[in-house]
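None of these values were measured; they are calculated from a predicted model. Quick note: numbers below take in every heavy atom, side chains included, and nothing from hydrogens, waters or symmetry partners.
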Amino acid sequence: MNRATVDALSESESKSPNGKYHFFRKNLSQAVGGKKDIGTWGGGHSFDVEMYRIPSGAENFPFHAHAAQSEMYIFVSGCGSVRGPSEKCDVKGGDFMMFSPGEAHSIANTGDDDLVFYVIADNPQADVISYPDTGKWMVKPERRCFTMQETEYYEKGD
């Protein structure tokens, strides 16, 4: 059995250049032997658990959808707004929600205090994340971000 305490874990910070996207996180799964984005197929856990803290006025990530990964959010404290695939809703401590593959989402802190929540995500062997607002894509576990141009399946002359 591996054991850890949330309060004893170090927190990593991530911030976009202009500060719109800004959060702190603690990776609970890694603290008990997991590997980031690596499931049982690679010696990790079948899911990851992280604790996030978003400062007032910031968002976690640009609006995005996972092709293969499911994510559950459990809100602990603060208040915010979640943009989903077809609606936006307010959240507060005690709320929770699930996003299945293909359901775009992002979270913003709309309150004065930090918005704190847990994310529980499964670990598919690979995932493609699309960003509907910007046309960007990212692949995991490599974490490479790029833009694409749609094309025909068969090239001329095939």
Side-chain angles (χ1 to χ4, degrees), residues 1-17 19-85 89 91-109 111 113-134 136-148:
M1 173 175 71
N2 292 328
R3 181 176 180 216
T5 302
V6 172
D7 291 341
L9 299 180
S10 63
E11 194 174 57
S12 64
E13 180 179 15
S14 182
K15 188 175 186 179
S16 64
K20 179 178 181 177
Y21 305 104
H22 186 195
F23 61 83
F24 299 84
R25 70 176 152 197
K26 296 181 178 189
N27 192 305
L28 283 65
S29 298
Q30 287 181 13
V32 291
K35 298 177 182 180
K36 180 72 177 151
D37 293 328
I38 305 294
T40 54
W41 47 268
H45 297 158
S46 55
F47 58 89
D48 280 334
V49 179
E50 293 180 317
M51 177 181 249
Y52 277 76
R53 180 171 62 85
I54 302 176
S56 180
E59 296 180 37
N60 65 336
F61 296 109
F63 189 59
H64 67 283
H66 297 266
Q69 187 176 60
S70 296
E71 293 178 321
M72 174 175 263
Y73 293 86
I74 303 171
F75 295 91
V76 176
S77 62
C79 59
S81 176
V82 175
R83 179 181 171 196
C89 66
V91 292
K92 64 185 180 323
D95 292 341
F96 57 95
M97 59 184 46
M98 180 80 179
F99 286 99
S100 297
E103 294 183 317
H105 55 282
S106 64
I107 301 171
N109 181 343
D113 298 321
D114 288 344
L115 178 62
V116 178
F117 56 93
Y118 289 97
V119 179
I120 302 170
D122 63 351
N123 275 322
Q125 200 158 358
D127 194 13
V128 176
I129 299 99
S130 61
Y131 297 84
D133 293 343
T134 62
K136 292 180 184 177
W137 299 80
M138 185 169 71
V139 294
K140 286 178 22 179
E142 294 85 359
R143 294 196 170 282
R144 296 175 89 185
C145 192
F146 55 93
T147 57
M148 293 189 291

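Within the structure, side chain to side chain donor-acceptor pair (under 3.5 Å) contacts touching residues 74-84 (residues at least two apart or in different chains) are R83-D133.
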Between F61 and S106, is the side chain to side chain contact (heavy atoms under 4.5 Å, CB included) condition met? List the steps. CA-CA 6 Å; F61 296 109; S106 64; 5.8 Å; no

* Stepwise, does the side chain to side chain contact (heavy atoms under 4.5 Å, CB included) test hold for D114 with Y52? -> CA-CA 10 Å; D114 288 344; Y52 277 76; over 6 Å; no

Evaluation steps, side chain to side chain contact (heavy atoms under 4.5 Å, CB included), between M138 and V128
CA-CA 6 Å; M138 185 169 71; V128 176; over 6 Å; no

Using side chain to side chain contact (heavy atoms under 4.5 Å, CB included), reason through V139 and D127 one step at a time and then give a plain yes or no.
CA-CA 6 Å; V139 294; D127 194 13; over 6 Å; no

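Between Q125 and P141 the shortest side-chain heavy-atom distance does not fall below 4.5 Å. The closest side-chain heavy-atom distance from Y118 to L28 is below 4.5 Å. Between T40 and H45, every side-chain heavy-atom pair lies at or beyond the 4.5 Å cut-off. At a threshold of 4.5 Å between non-hydrogen side-chain atoms, the residues I129 and W137 do not count as touching. M97 places a side-chain heavy atom less than 4.5 Å from the side chain of V91.
Under a cut-off of 6.0 angstrom, the local environment of NZ in K36 is crowded, with over 12 non-hydrogen atoms contributed by other residues, nucleotides or ligands.
Taking the six-membered ring where tryptophan is involved, the planes of H64 and H105 are tilted, since the angle between them lies from 30° to 60°.
Summarising the geometry, atom OG1 belonging to T147 is positioned 8.5 Å from atom NZ belonging to K136; distances are rounded to the nearest 0.5 Å. The distance from the CD atom of E50 to the CZ atom of R25 is 4.5 Å, given to the nearest 0.5 Å. For the atom pair OG (S100) and CE (M72), the distance works out to 10.0 Å, reported to the nearest 0.5 Å. One distance of note links CD of Q69 with CG of D122; it measures 5.5 Å at 0.5 Å rounding. We find the OG1-CZ distance between T134 and F63 to be 11.0 Å, quoted to the nearest 0.5 Å. Rounding to the nearest 0.5 Å gives a distance of 9.5 Å between OG of S10 and CG of N27.
Looking at N109, its side chain does come within 3.5 Å of a backbone N or O of I54 through a donor-acceptor pair. The backbone N or O of V6 lies less than 3.5 Å from a partner atom in the side chain of K26, making a donor-acceptor pair.
Nearest heavy-atom pair across S70 and P101 is OG-CD, 3.3 Å. The minimum heavy-atom distance linking N123 with W41 is given by the pair O-NE1, 3.4 Å. Across every non-hydrogen atom of V82 and F99, the tightest pair is CG1-CZ, 3.7 Å. When all heavy atoms of A121 and E71 are compared, the pair lying nearest together is CB-CG, 3.9 Å. Contact between V49 and S29 at its shortest, heavy atoms only, is N-OG, 2.6 Å. When all heavy atoms of K35 and D48 are compared, the closest pair comes out as O-OD1, 4.0 Å.
Shown here are the ring-ring contact (aromatic ring centres under 6.0 Å, His included) partners of F75, two or more places apart in sequence or in another chain: F117. Residues passing the ring-ring contact (aromatic ring centres under 6.0 Å, His included) test with H22 are F24, sequence neighbours excluded.
Under 4.0 Å is where a charged nitrogen must lie from a carboxylate oxygen, and between D37 and R143 at least one such pair does.
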